[in-house]
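Residue numbers begin at 1 in each chain, while the letters A, B, ... track the order of the sequences. FYI, side chains are in, hydrogens and waters are out, and symmetry mates aren't considered; it's all heavy atoms of this structure.
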Amino acid sequence: MLAGVQRLPHGAALLLVLAIGVTALACTDDNSDSAAGVTETAPDAAPAPQPSGGNTIATVQARGFIRVGVNDSLPGFGYIRGDGSFGGFDVDFGHALAAAIFGDREAVQFVAVSAGSRFEALRVHEIDVLIRNTTWTLTRDVVQGMTFAVPNFYDGQALMVRTADGIETLSDLDGAVVCALSGTTTQLNQEDTFGGTSVTYQPLGFDRNETLQEAFVAGRCDAWTGDRSQLAARLASYPIQAGGPSALKILPNVLSKEPLAPVTRDDDPLWADLVNWVIMGMVAAEELGVTSENVGTMAEEPPNQEVARLLGSTLDGSAFQTGFGLQDGFMRNVIAQVGNYGEVYERNITPLGIEREGSLNALWTEGGLMYAPPFR
Amino acid sequence: MTATPAITTPRPGQWVRDARVRRALLEVVSVGLVSALALYIGIRTHAAGGVDLSFMQERAGFGVGDQFLTSVDGSNSRWASYAAGLMNTLRVSVFGILLALSLGLVVGMMRLSSNWLAARIAFLYVEFVRNMPLPVFVVFCYTAVVLRLPRIQESADLFGIAYFSNRAIALPSIALGPGAGTWAALTTVGVIAGWGGWKLLRAREAVTGRPSYPVRGGLLIMTVFTIGGYVATGAPAAWDIPAVERFHYEGGLRLSPEYFGLLVALSLFNAAFVAEIVRGAITAVPRGEKEAAASLGLSGWQQMSLVVLPQALRVMLPPLATQAQNLAKMSSIAIVVAFPDLMNVGGTIINNTGAAIPVFILMMVTYFILNIVIALIFVGPQWRFTWSRGRRA
């Protein structure tokens, strides 16, 4: 008995060391997996996976739906509707991808990811594409090993304050408490803007928008900083008990450029190209005057070659080949089921009170940055 | 006689039954496994480029709002921000442990009190807290209690020297001027001299048998040095009364709502567990001890403080150490109330650099060291018990 009792610590120590070792091994394995970019490939759809990584199109086709990482608490961009479904601008681009691949806008599963976990979720293949108001930066693109598609929304960081506080310019914020979401680029821009000036500020970084709003309503913060679009969404839904939208205003200063773009992993260029061209196809459709209403007639009788190529209409005996391995005219499904860029904008962003006219998100023909390369 | 050779003759395979051989074998196997594992992990880490922390020397680029004894901004290195986060973790852990221990001791004794009301209140408090998840409790303490304090423009004040609002809790503090160091040195000398005087007078009292007032004498020496030193160095300490500015308080000791809310939540939460440890330890002291103390004529308080608690302390120290370590680890929940602790700052660094694994390893090592230090602090008194037991035996 005594010998058994004495030996117990050895056994326990051994178990402990083994447990630590196994955990460490598991961690290292995860790490090397994501570094090498090994993707689960569908057995028959992809007989020869590319050595550099996976074939995401084949994987999702075998699975039958795509998984899209979105925001679940940002009105207008990604949020959960009353009936439990996801809605918003970013969510519609997820629907557009599903319509392009499967011809069915509902062949998509939305995964709510936080600002802090979004890249990891993509890295470990929990999602196929991240469309969650994510700013395109060099570090994220290069060091984090992500591939950014063309921005679907050009945003900029701004500051929201209470009207009653009489804050007009950035220098009025001397000594103020500025609240932001932690784990975002906003904290860095804030420091870039105020650091080195005579304006001192106290940063306060929350991990959830709900707590941030609670603190702002209670008067803990003097200013709320974030992307202008997000602030507009918050302003539009500001609680009536706290004074409603008229109690707040967004300062005109632009603290930073925030191009928001969908993100894919670095290991599958074809998949990244598809995400890119679905967005650009929607922009092109708007430019060419193709809408969800007239897409049928446009496809039957294309007014010009560009529209015919975009919608995959058979012209002179053959349809334009995109090279994605999808059915001809996948953009036709996208426009019919989701709409062109302008329609998606109008459906989701316009109700927030963010004017499109004259902004960076207008078509290039109207002075904006929305410009699609030619479909040919 | 005939049986003896049968026992000593080794049968094939009998060495397996030898406890010494088995123990040695187990040790060889375990050492071998551990070495192989360590080697493997080392090779894998080396192959992956090692744990490179050079990015920690780069400019942080983000500010840390609430700081304790540090003064770091975005132009400092990430190490500096990390240190500011560590100081915040230390601050909330140390004061949280002190508060939780004091409150837990009181509540634990209340639960055993013969006063029905006190025992019921303590029981309800302990059960309420113990059946509550920590994040819910922390967010509740922050949003429903601390954020409900008035706005800074409508600060509640206490005789115009302390202010309470959801911007900060501003208390008067002592501002030290030039000469404070000399004064502190004089006061230290006074304390030592007072202690020496007390010892001398007490010895005299024992020898002569006449009252020599050792306590009064010692205190007098101490007071003379402290007050004399204060006057001699030109009154180097003054009250620093906070003043309300537009967005913040100027001067005084300011506790941020995040710190205050987290500290209160962690203290209240852990005090309930401490109370149960205290109650268990007191119950573990044999009844006879208390009865013997009562029969000696000791009062209720004397029975508790002189007889029961010292014995209970030996039982409660190991679980109290665990609870203190728990509190330090629980402080990593700070991010839910926007308090920039180690985990919060580390998370921001991960987000800015993408170096999740090195930063997580760094944080794990930091928390590990912190917990080892807490364990050592609690082990100190335990050694004393072990020694005293050894001396008596």
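- In this structure, the side chains of A:I167 and B:F247 come closer than 4.5 Å at one or more pairs of heavy atoms.
- Within a 6.0 Å sphere centred on CZ of B:F260, heavy atoms belonging to other residues, nucleotides or ligands number 12 at most.
- At most 12 heavy atoms of other shown residues, nucleotides or ligands fall within 6.0 angstrom of atom NZ in A:K257.
- Using a 4.5 Å heavy-atom cutoff, the side chains of A:S182 and B:N344 are in contact.
- Other residues, nucleotides and ligands contribute more than 12 heavy atoms inside 6.0 Å of the CE atom of B:M56.
- Looking at A:V178, neither its backbone nor its side chain comes within 4.5 Å of chain B, counting heavy atoms on both sides.
- Between A:E191 and B:R59 there is no salt bridge, since no side-chain nitrogen of the basic residue lies less than 4.0 Å from a carboxylate oxygen of the acidic one.
- To the nearest 0.5 angstrom, A:R220 atom CZ is 9.5 Å from B:I152 atom CD1.
- We find that A:D222 and B:R167 are joined by a salt bridge, their nearest charged nitrogen and carboxylate oxygen being less than 4.0 Å apart.
- Using modelled atom types, no side-chain atom of A:D207 and backbone atom of B:A338 make a donor-acceptor pair closer than 3.5 Å.
- The CG atom of B:N352 sits 4.0 Å away from the CG atom of A:L188 when rounded to the nearest 0.5 Å.
- To the nearest 0.5 Å, the span separating CZ on A:F206 from CD on B:E258 amounts to 5.5 Å.
- Neither the backbone nor the side chain of A:C179 comes within contact range of chain B; no heavy atom of the residue lies under 4.5 Å from a heavy atom of that chain.
- Of the two parts of B:T353, only the backbone, made up of N, CA, C and O, holds a non-hydrogen atom closer than 4.5 Å to a non-hydrogen atom of chain A.
- At most 12 heavy atoms of other shown residues, nucleotides or ligands fall within 6.0 angstrom of atom CZ in B:F360.
- In this structure, no portion of A:N189 lies under 4.5 Å from any heavy atom of chain B.
- Atom-to-atom distance recorded for A:E214:CD and B:R148:CZ is 5.0 Å, nearest 0.5 angstrom.
- Only the side chain of B:Y142 comes within less than 4.5 Å of a heavy atom of chain A; its backbone N, CA, C and O stay farther away.
- Contacts between B:V64 and chain A at a heavy-atom distance below 4.5 Å involve the backbone alone (N, CA, C, O).
- With chain A as partner, the option from B:A38, B:G63, B:G74, B:G61 having the largest number of non-hydrogen pairs under 4.5 angstrom is B:G61.
- Neither the backbone nor the side chain of B:R20 comes within contact range of chain A; no heavy atoms are under 4.5 Å apart.
- Across B:R246 and A:D165, no two heavy atoms sit closer than the pair NH2-O, 2.8 Å.
- Distance check, rounded to the nearest 0.5 Å: CD of A:Q190 to CZ of B:F62 gives 12.0 Å.
- Atoms CD1 and OG, on B:I350 and A:S117 in that order, are 12.0 Å from each other to the nearest 0.5 Å.
- Scanning all heavy atoms of the two residues, the minimum distance from B:T348 to A:Q187 falls at CG2-OE1, 3.5 Å.
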